[in-house]
Every structure is written in C-alpha cells, then in structure tokens.
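Beneath this line is the structure, given in structure tokens, with notes to follow.
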Protein chains: 2
Amino acid sequence: MDAPVQDRASLDVVGLTAKGIATRQRIIEGAAAHLRSGDPGVATLDDIRDVTRTSKSQLFHYFPGGKEELFLEVARFEAARVIEDQQPHLGALDSWAAWDRWRKAVIARYRAQGQHCPLASLMSQVGSVPGAAEVSSTLLESWTRDVERGIRTMQAKGQVGEQIDARRTASAFIAGIQGGVTVLRSTGSTDHLEAILAILIAYLRDSAD
Amino acid sequence: MDAPVQDRASLDVVGLTAKGIATRQRIIEGAAAHLRSGDPGVATLDDIRDVTRTSKSQLFHYFPGGKEELFLEVARFEAARVIEDQQPHLGALDSWAAWDRWRKAVIARYRAQGQHCPLASLMSQVGSVPGAAEVSSTLLESWTRDVERGIRTMQAKGQVGEQIDARRTASAFIAGIQGGVTVLRSTGSTDHLEAILAILIAYLRDSAD
DNA sequence: AAAAAATTGGACCGGCAAGTCCAGAAAAAT
DNA sequence: ATTTTTCTGGACTTGCCGGTCCAATTTTTT
C-alpha cells in the first residue's frame, strides 16, 4: 500500500545509508502529520524540527533545497494518500453499489479530517512553489482518469447512457469534490459535498433510459 | 453598485474627515488589487505601503488591528465584488436564457482572472484569522440563496421539476463553482468549471418532464 | 487667528524564522 | 583497525516584517 511512496523515496536516496533513509522518511511523515493538523502557511522549520526530533542540519542535509524542497516532498506524500484513502472503491467503480461505497468513503474521509485538507494545503502553495502546481495537477489528472474509467465501465455494462461524455463528467466529479471540500473548510459542513455527489450520481443513473 | 461598500465603510469611519475616508478607501482598494495579483500569503505591509503610497503610521491609524484588520476589510471588499460581478444575471435567474448568461458570466470572470481567485485568497486565511471564516461563509450563504431563488423561480414557471430540492441543488452549484475554480487555480484550465456548470444546468432542464 | 483634532512621514525596535557552519559521533569501506 | 564517508547537534548569522513612536503638517473648529 505504501509501495509508491517507497518508489518515490528511493529516487532521492541514492547514496544514503539505511539509517539515513529512515531519518529522511521520518522527517517527511512527521512533517506531513504536522502540516495536516494546522495551517501550513504558518508552519515553521523549527516546529517540524521539534515534532520530528531532528536538528536543523539534518533538515538541510536531507533537503538541500530547504523548506521548499521538504514541503514539495510532503506534498507528494500527501497526494499519494488522497488516492489511497479512496481505494479499493475508486479503482473498481463497476456497479452502483461500488459507486455508493466510493461516495461514502469520500464523505467519511473528509468529514473525519474536518477543516484540514492536505490537498488544499498543497494548493495554497501553488503560487509560491513552482513544483506544487505540477504535483497537484498530476493528482487531479489521475483522479479524474479513475472516475472516467469507472464511467466507461458502467457504460459498457449499459448502466450509464452512451450519450454521456465520460471525460467531461469525470471532470465534473472532481471539481464537485474539490468544491465541496472547499466549502467544508470554511463552513465546517459536508452538506455541499454530499449534495453534489448525490446529484452527479443521480445524473449518471438517470442517463440510462 | 458600490453602495454596499460605502455602507460598510461608513460604519468604521465615524470621526474621520473626508480626506481620511478617502485615504482609508484607497488603502483597501490598493491592497485588494495587490493581493489579487499575487500570493496573499506572502504579501507584506510594506508592499501595500508602496502600492498605496502611504506610510506605516497611516496603515495603523486606519486599521488599529494591523495586518489582520486590514486583510479582513479587504476580504469583505472582495466578497462584495464576487457577487456584483455576476449581476444582473444572478439576481434574475428566471429563464433558461438567463441561466445561460449567468453561466457564461461566471466562466468569463474566472477565465479572465486566471489563477488568482480573491475568494481563494480569503479562504487561505480562514485558519489564521478568525473573522475570515465568517466573511467567507456569509458570502457562500448569500450566493447559495441567490441560486436557490433562481431554481424556485423556474419551478414556479414549471421549467424545473417540483421534485428538485432547490436548496440542495443550489448548494451543489456553489460547490461546483468553487471546485472548478480550485482546479483552475492549479491547472490553469476552465474545463472542470465548464463541465460541472453544464452538467448541473442539464440536470435542472432534464428534471422538467 | 488660534487652538484643537485629525492626518501623515518615516525612523526605529524586537522577534522570529530560514539558512549556514563546524565540530563531533556513528557507520561503512578498505 | 584505521580511514573515509555519512550522519547528527545546535549555536550563530542574516534579513525580513509587523508593530511602535513621535514629530511635523494639514484640516477643522471656535
């Protein structure tokens, strides 16, 4: 389940000993947990130092690019989590029951984490850190693709009308989820998120006449 | 059109001379323009000082609460703009043509401002500044209400099915727009925004059988 | 016109946080 | 074993930015 994380990490750890890799990973995960539980805009390297029980020099040793590089790494880590948390449902949207389980998983996930959305944390840095835009749009793209695949599967089974534009509708789902979460972050309520997921799924169901 | 802004301002300007009011307003508008064109997380009081041609003491004279108070005031200013920019369409969603004009106005607005969404700037401070959450949820609420009213109007005319939950569907619209804009901010494309607006309107049209 | 109040300019302070440096400990290589 | 590389600790530097202060100027009041 964390295989992709391992892969990702191994790209950057060439030349590090086992101990070094462990420390590096501990920093990323500790920083991720810390950023997730607060406003990432205010998070400081010293906070991360405290929470990960490391020193300044370790931070800069493993992330020569400093704060920016570390945050990007955390962003990648979190992006992987977003998709993983929706599995196995997202990967097999092949029946209305599956869609329903997925819908519930999404709502449960965001309800649980409340105001703190790691993806939003990501987005809030899109402006300042160049690489962040790439990380988040990659995530959005693969997320959209998964949903699109689900819609095509349903079309193949005749449970969604052929006239539906799978790609476009998948985009709508992703936008809807993003928006629902955005509203959640500022109002604390999942109403908007639930509303749009229900409507979009109803739209798909109604399409098969 | 800027009557509400005047009202709002007049609440805080008791005891200020005409010149003072003008300076205060110049600061708010200049700061708004500046924040709109960059990452608000990095905006500094000195930047605002430069762009508004004022001095530190003026900033603190008119906004004793410092940065926080000034930013909140800017947030209110921007929140008003968001609604205004969709008028007069948003206020009179009484035919499919009107809905279409509204849809186009929304897309045009966000396409024009590209990656920089003032509402998102607002949101990104929800965590740090207490009042920001209130400002943005007030905006979302009144925005949702406008759409809800539009749906009810269409229902009264028999152009949207009675089985549609107006409130819930309006929530979906708002969430959809938010999400579309969120995606726009990170990918630069309005595809998601256009997709979800089209689908939601189609959903409404199809409801009138 | 004089006094009082509001407005403006900008120097200055203090704290905080990113990033540097180097010395010492631990681990790996030979 | 010793030598070389990797890893770790934390003090220190540097610059930035929010906020304070006070003196000068303009405007309003009487």
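Just so you know, these numbers come straight off a predicted model, no measurement behind them. A, B, ... follow the sequence lines: proteins, then strands. Residue 1 opens every chain.
At the phosphate of C:dT8, OP1 or OP2 sits under 4.0 Å from a side-chain N or O atom of B:Y62. Put simply, A:T23 has no side-chain N or O that comes within less than 4.0 Å of OP1 or OP2 on D:dC7.
Rounded to an integer number of Å, the gap from A:L59 CG to C:dA17 P is 14 Å. Between the CG atom of A:D46 and the C1' atom of C:dC16 there is a distance of 9 Å, given to the nearest Å. Note: CD (B:E69) to P (D:dG19) measures 11 Å, nearest angstrom. Rounded to whole Å, atom P of C:dA17 lies 19 Å from atom CD of A:E68. Atoms CD1 (B:I48) and C1' (D:dC17) sit 12 Å apart, rounded to a whole Å. Put simply, NE2 on A:H61 is 5 Å from P on D:dC7, counting in whole angstrom units. Between the CZ atom of B:R53 and the P atom of C:dG9 there is a distance of 9 Å, rounded to whole Å. Between the P atom of C:dC12 and the CG atom of B:L45 lies a distance of 20 Å, rounded to the nearest Å.
Note on A:R167 versus A:E141: salt bridge recorded, some NZ/NE/NH1/NH2 to OD/OE distance being below 4.0 Å.
With sequence neighbours left out, the side-chain contact (heavy atoms from CB on, under 4.5 Å) criterion links A:Y62 to A:L16, A:T23, A:R24, A:I27, A:Q58. The side-chain hydrogen bond (donor to acceptor under 3.5 Å, both in side chains) search around A:E194 returns A:R111, A:T190, not counting sequence neighbours. B:R109 is linked by a salt bridge (Lys or Arg N to Asp or Glu O under 4.0 Å) to B:D85, counting only residues two or more places apart in sequence or in another chain. Not counting sequence neighbours, the partners of B:S189 by the side-chain contact (heavy atoms from CB on, under 4.5 Å) test are B:T187, B:D191.
Classification of the B:W99-B:W96 ring pair by plane angle, with boundaries at 30° and 60°, yields tilted.
Using a 4.0 Å heavy-atom distance criterion, B:F63 is classed as making no nucleic acid contact.
When the C1' atoms of four end pairs are superposed on the next four at each end of the helix from C:dA1-D:dT30 to C:dT30-D:dA1, using five pairs per end, the two resulting axes differ in direction by 10°, to 10°.
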Where do N or O atoms of nucleotides 10-13 of chain D meet protein N or O atoms at under 3.5 Å, pair by pair?
residue : atom : partner : partner atom : Å
D:dG10  : O6   : A:S57   : N            : 3.3

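Picking from C:dA17, C:dT8, C:dT20 the nucleotide with the shortest atom distance to the side chain of A:F60 gives C:dT20.
The closest side-chain heavy-atom distance from B:F173 to B:I201 is below 4.5 Å.
A side-chain contact (heavy atoms from CB on, under 4.5 Å) with A:D46 is found for exactly one of A:I48, A:T44, A:D50, namely A:T44. Results of the side-chain contact (heavy atoms from CB on, under 4.5 Å) test with A:H192 over A:V181, A:L197, A:L184, A:V183 single out A:V183 as the only residue that passes.
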